[in-house]
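Encoded as structure tokens, the structure appears first; notes follow it.
Everything quoted here is computed from the prediction, not taken from an experiment. Reckoned from all heavy atoms, side chains included, excluding hydrogens, waters and symmetry mates.
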Amino acid sequence: MSGFPQVLLQPKAMNLFASVVLVMSGLGQDSLPVGDTAHVYRSRSDFSTTGRLVQNLLFIPQKGNLGQQLFATGNFVRQYGVGGVQTLSCRGGDAAQTQLLWNGLPVNNPMLGMTDLGLFPVWGSNELLLIEGGNAVCYGSGSVAGALQLNQGKFQASRAGIKVMQGLGSWSACQSGIDFGINGKQGFLRGTGYFSHAGNHFSYHEYNSPDAEAIRMKYARVQQYLARVMAGTHWGKWQLRTIQEYNRSFRGLGLITGSTLPQGELNDQAWRGLGEAHRMISHGNLNLRLGAVRDVMQFVNPGNTGTDSSHSLILHAQSEYVYQSGPWRWMAGADWMRVNGFAKAYIISRTIHYPAQFAAVSYQKQSWLLSTTARMEWKEKIPVFTAATEKTFRGWKWKSLLHTSFRRPTLNDQFWEQSGNELLQPERGAGAESGLSVNGRSHRFMYDFSGTLYARMLRNPIVWQLVQQKWQATNLFSGKYMGMQLQGTAQWHCMKNVFLCKMNLHLVNTSMQRNEKEETGYAQIFVPPIAGLVLLAWSNNQWNAGISNSFTGQRFTTTDNLDKMPSFWLSDIYAGYAGIKFKSCAVSCNLRLNNVLNTWYQNMPGRPMPGRSFNIQFVFESIK
């Protein structure tokens, strides 16, 4: 990246592949097949974003992985130490209530029901979008609080290009990346490689003892590899694309609280593959997809006293047909997913099939857009639906949404030895939201602000709690989530200078009830009632600089709400120079100073986070 203001000034996320063939952002914009400028086609992405708040999360220079990028853009990420698991809490929900879509494929781990965001590098990605609110009607189980989309497309060059990155940072950190592509009239080819390493031997203080003598972190080394190949072409009247990706990571989990002994090591290997086909048909388009996700996780106990491992394989088949006639747009489709999981504690391998069908219709006339979608999950016999409305008037947009959603129990919930509970009921949710947004521009000034109120009810939330002296997955009675999101961007142009201010604020109130007789519930643990970001930036043709300030509120750490972790502010400063250019090549340099105030903080108890650090990154780019 040559610098964040240049990214900020681009139009909202270019939706290059918005069908099931080339599923991308879901911003509801028209999209073009590879090598074809005559056809415009649609997909379920149009219906998944109507009436919703959608965040584009690549508005600053790319961080190392999804967890770091989300945290840097004002969203709350639970991180279990510097080398530990990173998960997203969206609108007060658990990590398993947010679905991660990798190029349209749901990739939440079937054993845990969630995704470790630290395993997904951002390098080489075209889009990172967070669609707020329950979206099970389009994406199935797990999208109760939101859906996170990570998309890759063809290399952003007219003919060919290459981009090489090298970064260095504190505590023996380094990053290397290469991204190249060739685009032609009949198709494209793109390759991406990424490597990162960090020793993470920083000093820290124990939880609740910030004034005690500092401890040197050990056994927290993190190392990650990524290799990805993409290709797309024409075959008669079909547009085809395939993606193959291999991702491997090794992470030490640091020290056990109050000692100098290691917590253990976590190794993960993932293979992801996707094949897509798209064909234009009169007044519509047909989209087909086949995909597979295989994940092997291995936990090495401290002192190599033993290992725990899990293996999972998910097979996907998806299809949809979109038809448009005047102001009406129709969609019908079917999804099928086969999940296989094995762990030592399961005794035997588990294989489950999940078929589903869905249909949608929308009507757009002048300033009104009305949309409704319904889906049936045949294994659980669970119907879900959405109804959305958008109204535009004089630079303002009003949107509202009603939806239902669900999340099925994970394999660990149901089959873990001695603690599994095969009688668990799926979580079922219903929610509503409404909001206003306004945007405008003049010769020198442009702005975009929005505010959204939301409420969600959840029946049978699944939590692990002590039952007869052992941990077991259990259905609680209910959960309630209410909140507000505020977002805004303002840009001012003065001669060759651009000044920018961006704000992203989350306010949420959560309440869980164990049983129907409880009059009042308790707050969801590890969920801050307030979190947000304020970004100030400046750029001209060659230089850019900025400062971001993020805030995370207090989080309860016990279900009785008697203990809580303190809130914290984090400030980052970054600057870049992109003035080294010759012919079709360019070299840029970006320097980032993280946690400039050296704030002591922990996201989770006993999981220390590093203090002040720096990272410098050089990017060479050649595009024709």
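- The stretch residues 69-79 participates, sequence neighbours left out, in these salt bridge (charged side-chain N to carboxylate O under 4.0 Å, His left out) pairs: Arg78-Asp94.
- A donor-acceptor contact closer than 3.5 angstrom is absent between the side chains of Tyr219 and Glu265.
- Between Phe71 and Tyr601, the angle of the ring planes stays under 30°, which puts this pair in the parallel group of the 30/60° scheme.
- The backbone N or O of Ser48 lies less than 3.5 Å from a partner atom in the side chain of Asn135, making a donor-acceptor pair.
- A side-chain N or O of Asn594 and one of Arg592 form a donor-acceptor pair less than 3.5 Å apart.
- Pairing each heavy atom of Cys174 with each of Gln166, the nearest pair is CB-NE2, 4.4 Å.
- Between Met297 and Leu119, every side-chain heavy-atom pair lies at or beyond the 4.5 Å cut-off.
- Looking at every heavy atom in both residues, Gly488 comes nearest to Phe449 through CA-CD2, 3.2 Å.
- Ring-centre distance between Phe551 and Trp569: below the 6.0 Å cut-off.
- A pairwise comparison of heavy atoms in Arg612 and Leu597 identifies NH2-C, 4.0 Å as the closest pair.
- Across all their heavy atoms, Gln602 and Met565 have their closest contact at O-CE, 3.2 Å.
- Among all heavy-atom pairs drawn from Trp123 and Arg228, the shortest one is O-NH1, 4.0 Å.
- Taking 4.5 Å as the limit, some side-chain heavy atom of Met217 sits within range of a side-chain heavy atom of Leu255.
- With sequence neighbours excluded, no residue forms a salt bridge (charged side-chain N to carboxylate O under 4.0 Å, His left out) with Arg52.
- The shortest heavy-atom contact between Leu53 and Ser450 is CD1-OG, 3.9 Å.
- Side-chain contact between Asn504 and Leu535 is absent, with no heavy-atom pair separated by less than 4.5 Å.
- When the side-chain contact (heavy atoms from CB on, under 4.5 Å) test is applied to Thr115, the partners found at least two apart in sequence or on another chain are Leu100, Asn108, Leu117, Phe120.
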- Task: Given side-chain contact (heavy atoms from CB on, under 4.5 Å), test Leu101 with Val107 step by step and report yes or no.
- Result: CA-CA 6 Å; Leu101 303 165; Val107 294; over 6 Å; no
